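Encoded as structure tokens, the structure appears first; notes follow it.
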Amino acid sequence: MTATSGTRLTGRIAERPSAVIDEEVLAPQFRYEVAALLPHYVSVEKVLALEYRRMGLLTDAQAREVGGLLSGARRELAAADPSVNMSDIAFALEQHVRWGLSAPLAAWHVDRSRNDFQACAQVMHLRAGLLEVLDLLLGLWPLADELATAHLSAPMPGHTHFQAAQVITPAFWLTAFTDQVLRGAGRLLSTYDLIDSCPLGAGAMAGQELDWDRERMADLLGFARPTPHALAAVASRGHVLEVTAELSLLGAAISRFGTDLLMWGGSDCQFLDLPDELSGISSAMPQKKNFPVLERVRGKSGHLAAFHTDALLGQRNTPFTNLVEVSKEAGAHAHLALREARSMLRLLTVVLGGLSLRTDRMREACEREYFGGFTLANALTTRFAVPWRDSQVVVGAFITASLRRRTAPGAADPALLESIAADHGYPITGTEDAVRAAFDVDRALVVKTSAGSTHPDRVRDLLAAQRTEHDRRTRELDERRERATAVDDRVDALLAEGADA
């Protein structure tokens with residue numbers, strides 16, 4: 001069949017799409033789908049060819065010929081052409097096969113719709129993107145684990161309300177970060193499983209007329225199951241909302257840890273440094289070494305929230321059926337959300353790989369602060385029987401007076417504490433050991449003994465538990481990736497066999 005015969009695609013509309021529609025909508029959509037979705041469309045078409053063969057509508061030889069032409073489409077698919085394929089990827093694939101056949105096939109594309117075809121390719125694209133994001137996300141954990149293991153006992157200031165609060169360690173902070181990394185990985189894996197249902201076989205909205213084996217098609221395309229309801233399969237783009245929602249939550253968490261790193265990397269703290277190749281300069285202030293890579297990480301996290309909002313607003317107040325407004329426009333930026341998530345995680349990976357911590361600066365900062373106030377108040381209650389709330393008052397007054405005297409925490413005066421306690425009605429003596437212990441920076445790490453605390457042993461426990469979870473999440477990712485990436489080889493083998501297994 002020649003390219004000029006049988007190119008009319010509809011008997012309802014006599015004219016091809018207008019130049020404006022083609023330039024503004026159809027051609028850009030075509031280019032995007034060739035770049036992002038074409039491999040998935042080809043896989044779907046090959047599975048359809050296997051189904052036609054199973055139903056006796058194609059012979060073995062015909063199915064193989066269709067499969068070969070579809071494989072060539074990845075290299076040879078014509079550009080958008082409103083006069084030939086209405087600048088539509090589904091029509092372009094159909095025409096590509098028709099024109100390449102050695103003889104016409106009457107049943108090729110019988111009982112088919114673009115609606116479930118497009119929905120299926122879109123879900124496959126999202127699944128593939130999620131696997132890439134998960135791979136990068138789980139790749140952060142070993143880098144953070146290495147840093148944490150090297151800094152289990154290095155004191156650093158922890159903050160609440162933007163104020164120095166208690167002594168912690170880099171390892172303690174890093175395990176909070178990796179906790180959120182693993183939590184995000186678990187949520188993304190659950191999202192993958194949630195969207196892992198195949199729309200193929202739903203037709204335009206109400207199902208199909210031939211005896212399509214939807215379970216088999218879903219399995220061949222690497223899905224866990226077919227989407228059970230035909231209307232939901234083509235009307236819902238919940239998978240876009242669910243993926244972008246989880247990416248936005250991940251971005252929000254990462255931006256908060258990025259904010260800590262920006263603060264600690266500033267000239268006021270100088271708790272960390274990055275190598276020159278990850279740093280920036282000022283065009284006007286030669287003394288500055290900036291870390292714009294961290295600003296990029298935070299900035300990209302903001303895009304993720306915006307892309308989710310875009311998808312959400314694109315779907316609300318629309319009827320629950322197949323619509324271009326939902327199927328194309330509302331999901332137009334899903335691929336950008338995946339791209340920005342990948343970029344954010346790649347940048348964060350090089351940051352963690354190049355990060356060096358200034359433990360000397362951290363210790364100096366700890367030694368300047370009266371971090372032991374809480375510990376001293378506990379001691380006044382447990383060792384000297386001062387009621388808890390009153391012990392808080394006494395210690396607060398003691399620290400205030402010490403600051404007025406410009407006394408360093410390490411030189412805090414027990415006699416001053418005893419005088420203030422007596423003024424509040426608690427004549428106590430012998431507080432020297434309690435005062436010294438309370439403001440010992442290294443001891444501050446080991447007095448916290450509860451599970452999940454900053455005690456080095458408890459942090460080791462956290463790392464061990466996280467290592468087990470990381471290994472489990474990695475196995476889960478590998479299982480899903482193996483099933484999703486084995487599609488083409490399996491389908492091509494079935495086409496080549498000449499008989500369905």
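If you're wondering where the values come from, they're calculated on a predicted model, not measured in any experiment.
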Flag the pair D145 and R467 as a salt bridge only when some basic side-chain nitrogen lies within less than 4.0 angstrom of an acidic carboxylate oxygen.
yes

Apply the test salt bridge (charged side-chain N to carboxylate O under 4.0 Å, His left out) to residues R475 and D478: give CA-CA distance (whole Å), side-chain angles for both, the deciding distance (0.1 Å), then the verdict.
CA-CA 5 Å; R475 287 194 301 272; D478 289 342; over 6 Å; no

State whether D135 and R481 are salt-bridged, where the test is any N-O pair (Lys NZ or Arg NE/NH1/NH2 against Asp/Glu carboxylate O) under 4.0 Å.
yes

Can you measure from CG (L231) to CG (N115) and round to the nearest 0.5 angstrom?
10.5 Å

Any side-chain donor-acceptor pair under 3.5 Å between R256 and Q180?
no

How close do P199 and R214 get, heavy atom to heavy atom, and via which atoms?
O-NH2, 3.6 Å

Under 6.0 Å from the CD atom of E277, do we count more than 12 heavy atoms belonging to anything else shown?
yes

What's the spacing between E24 CD and S18 OG if we round to 0.5 Å?
9.5 Å

Measure the spacing between CZ of F271 and CE of M362 and express it to the nearest 0.5 Å.
6.5 Å

So CG of N290 and CG of L274: to nearest 0.5 Å the spacing works out to 11.5 Å

Do NZ/NE/NH1/NH2 and the carboxylate oxygens of D193 and R480 come within less than 4.0 Å?
yes

Under a 4.5 Å cut-off applied to non-hydrogen side-chain atoms, are D111 and W212 in contact?
yes

Test of ring centre spacing under 6.0 Å for H335 and Y32
yes

Looking at E469 and R473, does any basic side-chain N land under 4.0 Å from a carboxylate oxygen?
yes

Minimal heavy-atom distance between V66 and A49, with the atoms involved, is CG1-CB, 4.0 Å

Ionic contact status for E51 with R54, cut-off 4.0 Å:
yes

Quick one: pull up CG in L126 and NE2 in H239 and give me the separation to the nearest 0.5 Å.
5.5 Å

NZ/NE/NH1/NH2 to OD/OE distance under 4.0 Å, E476 and R472:
yes

Distance-only, no hydrogens or angles: does the S453 side chain make a donor-acceptor pair with backbone N or O of K448 under 3.5 Å?
yes

F291 to S279 - nearest heavy-atom pair and separation:
CE2-OG, 3.5 Å

Taking atom types as modelled, is there a side-chain donor on T178 or Q466 under 3.5 Å from an acceptor on the other?
yes

Assess the side chains of H308 and T244: does a donor N or O sit below 3.5 Å from an acceptor N or O?
yes

Checking R127 against F223: charged group under 6.0 Å from the ring centre and within 45 degrees of the axis?
yes

Heavy-atom neighbours of L210 CG exceed 12 at 6.0 Å
yes

Among V44, L70, L69, find the residue that satisfies the side-chain contact (heavy atoms from CB on, under 4.5 Å) test when tested with L93.
L70

Audit row: R53, Q62, side-chain hydrogen bond (donor to acceptor under 3.5 Å, both in side chains) steps and yes/no
CA-CA 8 Å; R53 188 178 74 182; Q62 290 168 337; over 6 Å; no

Please find the pair of heavy atoms, one from V491 and one from L220, that lie closest to each other, and give the distance.
CG2-O, 3.9 Å

Go through the side-chain N and O atoms of R298 and T259 and say whether any donor and acceptor fall under 3.5 Å apart.
yes

Spacing of L134 atom CG and L130 atom CG [to the nearest 0.5 Å]:
6.0 Å

Compare all side-chain heavy atoms of L140 with those of L348 and state whether any distance is below 4.5 angstrom.
yes

Under 6.0 Å from the NE2 atom of H159, do we count more than 12 heavy atoms belonging to anything else shown?
yes

With side-chain hydrogen bond (donor to acceptor under 3.5 Å, both in side chains) as the criterion, how do Q122 and R237 come out once you've worked through the C-alpha distance, each side chain's angles and the decisive distance to 0.1 Å?
CA-CA 9 Å; Q122 290 168 5; R237 289 302 187 273; 2.8 Å; yes

Tell me the closest heavy-atom pair linking N322 and S327, and the distance in Å.
OD1-CB, 4.3 Å

Minimum heavy-atom distance A230-A202, with the two atoms named
O-CB, 3.5 Å

Is the shortest side-chain N to carboxylate O distance from D88 to R114 below 4.0 Å?
yes

Ring centre gap for W141 and F177 strictly below 6.0 Å
no

Note: D219-R216 ion pair, threshold 4.0 Å (strictly below)
no

Quick one: do R460 and D457 make a salt bridge, cutoff under 4.0 Å?
yes

Please test S255 against V297 for side-chain contact (heavy atoms from CB on, under 4.5 Å), starting from the C-alpha separation and ending with a verdict.
CA-CA 7 Å; S255 83; V297 168; over 6 Å; no

Polar side chain donor-acceptor pair, H151 to E146, under 3.5 angstrom:
no

Quick one: does E94's side chain get under 4.5 Å of W108's, heavy atoms only?
yes

Within a radius of less than 6.0 Å around CZ of R296, do more than 12 heavy atoms belonging to other residues, nucleotides or ligands occur?
no

K46 versus S71, side-chain donor and acceptor atoms under 3.5 Å:
yes

